[in-house]
Number of protein chains: 2
Amino acid sequence: MATIKDVAARAGVSQSTVHYALNGKRSISDSVRQRVIAVVAELDYSASALGQRLRQSRSYSIGMIAPQLPTWDASSMEMLMSTSATAGAAHHSMAIFVGQSADQTVQLLRNQTVDGLILIETTHNDPRIEALREGKYPFVLLGRTENLTGLTSVDFDFEQAVFVALENLVKLGHRRIGLIAPEPSTLENRYYVQRGIERAQATYDFVATSVFEGQRLNVEDGYRITEKLLTLEPNVTAIFAAGHSHVGVLRSLYSHNIRVPDDCSVIGITTAQVAEWSIPKLTSVDIPLFDMSQIATKLLLKKLAGEEICEQILAPAKLVTRESTAAPKNT
Amino acid sequence: MATIKDVAARAGVSQSTVHYALNGKRSISDSVRQRVIAVVAELDYSASALGQRLRQSRSYSIGMIAPQLPTWDASSMEMLMSTSATAGAAHHSMAIFVGQSADQTVQLLRNQTVDGLILIETTHNDPRIEALREGKYPFVLLGRTENLTGLTSVDFDFEQAVFVALENLVKLGHRRIGLIAPEPSTLENRYYVQRGIERAQATYDFVATSVFEGQRLNVEDGYRITEKLLTLEPNVTAIFAAGHSHVGVLRSLYSHNIRVPDDCSVIGITTAQVAEWSIPKLTSVDIPLFDMSQIATKLLLKKLAGEEICEQILAPAKLVTRESTAAPKNT
DNA sequence: CTGTTAGCGCTTTCAT
DNA sequence: ATGAAAGCGCTAACAG
């Protein structure tokens, strides 16, 4: 591989001239520039990122820290693609790190493997956050997370999402609604889900049959809880499903030959792509994960550029009606 | 940040002593080692990856090249997680690059941003492959891809997968089967899908109603084609769905209130996770994408370690019966 | 407008 | 068992 030295020698100029000819940060005579360009082409020269990085003490890459083994789904891809593209546009690369301990996470910054981090799926009192905060390292939280002052985060307005979802069901005419959500807690977004439910109940008149179980609801949770719900109150005309439980809800209803939305409406909170893959297509308060990730990445890049940033962004909830909701039959 | 120089000065030894004390590649007296370790702890020293990388002319990171804007789904996550974890275990980080041109792809290797690449979703005569091959850069192909000699690739046995899927339907008693697959072609895995169909037809006795359209079938394709199929032959008792079309197939059947598997069986080829998310759970020939990615990554790492490798690996097809298949009603 | 030079932090050869 | 010194490839301050 040709180095800048080779180019300089071949072109009969100094290294700095080659450098500036290629980066245009100081004026270079046209003749010299032409010559340099020619030699660069001839030797197939390309500046080594390794040399640049050491010299500038910047890795020009950001890390995405993913938890151990969550339910990886299509929505995670949105985050990754969005982050990668946004970082790439700013000449940074994005690396993924799975299941790192707090120590390992900090280590990535300390040894300059990455310049900054985006943390996803963080939990309350996450040891990684505390470790990073102490070291004053640049990082941004993305997605479901506790809200701590002094931190930069991009989150989704779950409280509003839940409220909007229930409001929609009520306005369609539903009065007996099944509620599937994580058990109440003051931690993380579960708190906001409960707040949304409470606000809807205070605002509208409907009978809720609630099953609040677990912390992060997956598909099987949805199935199991729906079976339980149908025993508790077989006459629900609509079900609100938090997390990924909606897939299990739909499967349970399918096995009972309860038609959606004819016999029972289902509404959830998820990303557009996941909603489009469900059967039938799920009416949902869509989480704009792609945009959120882009915002988070841009904030991190700004931090890396030296800007002092401390912002908590809350993406708004917007309902998208698809195929899984309708007015109840006997209205 | 403390550097190795600082540690050496504080411990009253040379840089190389610090280095070897920390890396154990030459004998160090116990007393010196203790002292160095103590100073390292005291100064909170950690070797900068930037310095190491330049010195060793290795970026210690591998790149994953993803195409422009495909249907990103949960199965893609399997590849990323698997690759990231495998690379991480070998002290490499993994970066994702989306929608790079052939030039940009080669550039990543030329300027040492990464040491090697894993290419996914490659197409026939992919310009990126040609560019990389010329430069003799280390890379491995993963997933659906053409088979070119001299290259290292990890692929799935689609022909066998299709055969096994159809065989399963026939053995369940199905004789009128709907076939949804990409249009015939000598290119890529589409070729193998057709080969599998032909082999099944030569081996078993069943009436196929085929709709071969498009190149990579997505959810909407599946929906549209199923609607067409039901017009062509309303009496199919089972449907084979290639690619991601099975989701559309199930949705179409749902809208017609055709019960799965009671009125019609559905079988597909996808990853376990995607199959588990469908309604009902899809009987499928599972693509072991997690394992395949791990193998691909290990092969790449071996290449980076200097081994001469040229291997085409084909992951075997294994059918997993879930909820979407059963014997036909009026057998 | 161009050249000289120092040095980023590390690894490794050579010397003792 | 340890130290001195070179140098990976680049950028940028300084000098002209």
Side-chain angles (χ1 to χ4, degrees), chain A residues 1-37 39-40 43-61 91-92 107-115 305-306, chain B residues 1-37 39-40 43-61 91 107-115 305:
Chain A
M1 279 283 34
T3 71
I4 197 173
K5 214 169 168 179
D6 301 325
V7 176
R10 190 98 172 78
V13 295
S14 72
Q15 286 189 34
S16 49
T17 299
V18 174
H19 173 76
Y20 289 117
L22 260 28
N23 294 274
K25 301 205 175 177
R26 83 181 186 191
S27 38
I28 298 279
S29 70
D30 250 15
S31 62
V32 171
R33 172 178 285 112
Q34 302 298 340
R35 193 143 37 91
V36 169
I37 304 264
V39 173
V40 164
L43 300 185
D44 193 30
Y45 169 75
S46 173
S48 162
L50 264 25
Q52 292 177 317
R53 289 171 175 182
L54 174 59
R55 176 58 222 235
Q56 311 197 132
S57 283
R58 305 259 283 103
S59 70
Y60 288 105
S61 75
H91 299 295
H92 283 249
Q107 185 66 2
L108 293 172
L109 276 322
R110 284 206 334 168
N111 70 16
Q112 307 184 74
T113 296
V114 299
D115 295 330
Chain B
M1 278 284 34
T3 72
I4 197 173
K5 215 171 168 177
D6 301 324
V7 176
R10 191 97 170 77
V13 294
S14 72
Q15 285 189 34
S16 47
T17 299
V18 173
H19 174 76
Y20 288 117
L22 259 29
N23 295 274
K25 299 204 176 179
R26 85 179 183 192
S27 38
I28 298 277
S29 70
D30 251 15
S31 61
V32 171
R33 171 177 288 113
Q34 302 299 340
R35 193 142 38 92
V36 170
I37 306 264
V39 174
V40 164
L43 301 186
D44 195 31
Y45 168 75
S46 173
S48 162
L50 264 26
Q52 293 177 316
R53 289 170 175 181
L54 173 58
R55 176 58 222 242
Q56 310 194 139
S57 283
R58 305 259 282 102
S59 70
Y60 288 105
S61 76
H91 299 295
Q107 185 66 2
L108 293 172
L109 276 322
R110 284 206 336 170
N111 70 14
Q112 307 183 74
T113 296
V114 298
D115 295 330

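Naming: A, B, ... by sequence-line order, numbering from 1 per chain. Just so you know, these numbers use all the heavy atoms, side chains as well, and skip hydrogens, waters and symmetry mates.
Distance, Lys5(A) NZ to dT5(C) C1': 13 Å, rounded to whole Å. Rounded to whole angstrom, the span from the CD atom of Gln56(B) across to the P atom of dT13(C) amounts to 11 Å. Note: CG (Leu54(B)) to P (dA6(D)) measures 17 Å, nearest angstrom. Atom CD1 of Ile4(B) is separated from atom C1' of dA5(D) by 14 Å (rounded to the nearest Å). What separates CG of Asp6(A) from C1' of dC8(D) is a distance of 13 Å, to the nearest Å.
With respect to Ser59(A), the side-chain hydrogen bond (donor to acceptor under 3.5 Å, both in side chains) criterion is satisfied by exactly one of Thr113(A), Asn111(A), Asp115(A): Asp115(A). Screening Asp6(B), Val7(B), Val13(B) for a side chain to side chain contact (heavy atoms under 4.5 Å, CB included) with Val39(B), the sole residue that qualifies is Val7(B).
In the region residues 11-21 of chain A, proximity to DNA chain D at under 4.0 angstrom, judged on heavy atoms, holds for Gln15(A), Ser16(A), His19(A), Tyr20(A). Within residues 22-34 of chain A, the residues that have a heavy atom under 4.0 Å from DNA chain C are, in order of number, Arg26(A), Ser27(A), Ile28(A), Ser29(A), Val32(A). Contacts of residues 45-53 of chain A with DNA chain C (heavy atom under 4.0 Å): none.
Scanning all heavy atoms of the two residues, the minimum distance from Met1(A) to Asp44(A) falls at CE-O, 3.9 Å. The minimum heavy-atom distance linking Ala47(B) with Gln52(B) is given by the pair CB-NE2, 3.8 Å. Of all non-hydrogen atoms in Val18(B) and Ala8(B), the two that sit nearest each other are CG2-CA, 3.6 Å.
With a 6.0 Å radius and a threshold of 12 heavy atoms from other residues, nucleotides or ligands, Arg33(B) has its CZ atom above the threshold.
Residues passing the side-chain hydrogen bond (donor to acceptor under 3.5 Å, both in side chains) test with Gln107(A), sequence neighbours excluded: Arg110(A), Ser46(B). Residues meeting the salt bridge (charged side-chain N to carboxylate O under 4.0 Å, His left out) test with Arg35(B), sequence neighbours left out: none.
At least one side-chain heavy atom of Arg58(A) sits under 4.5 Å from a side-chain heavy atom of His92(A).
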Which pairs of donor and acceptor atoms, one on a side chain in residues 19-26 of chain B, lie under 3.5 Å apart (sequence neighbours left out)?
residue, atom, partner, partner atom, Å
His19(B), ND1, Asn23(B), ND2, 3.4
Asn23(B), ND2, His19(B), O, 2.7

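Thr3(A) OG1 to Leu43(A) CG: the interatomic distance, rounded to the nearest 0.5 Å, is 9.0 Å.
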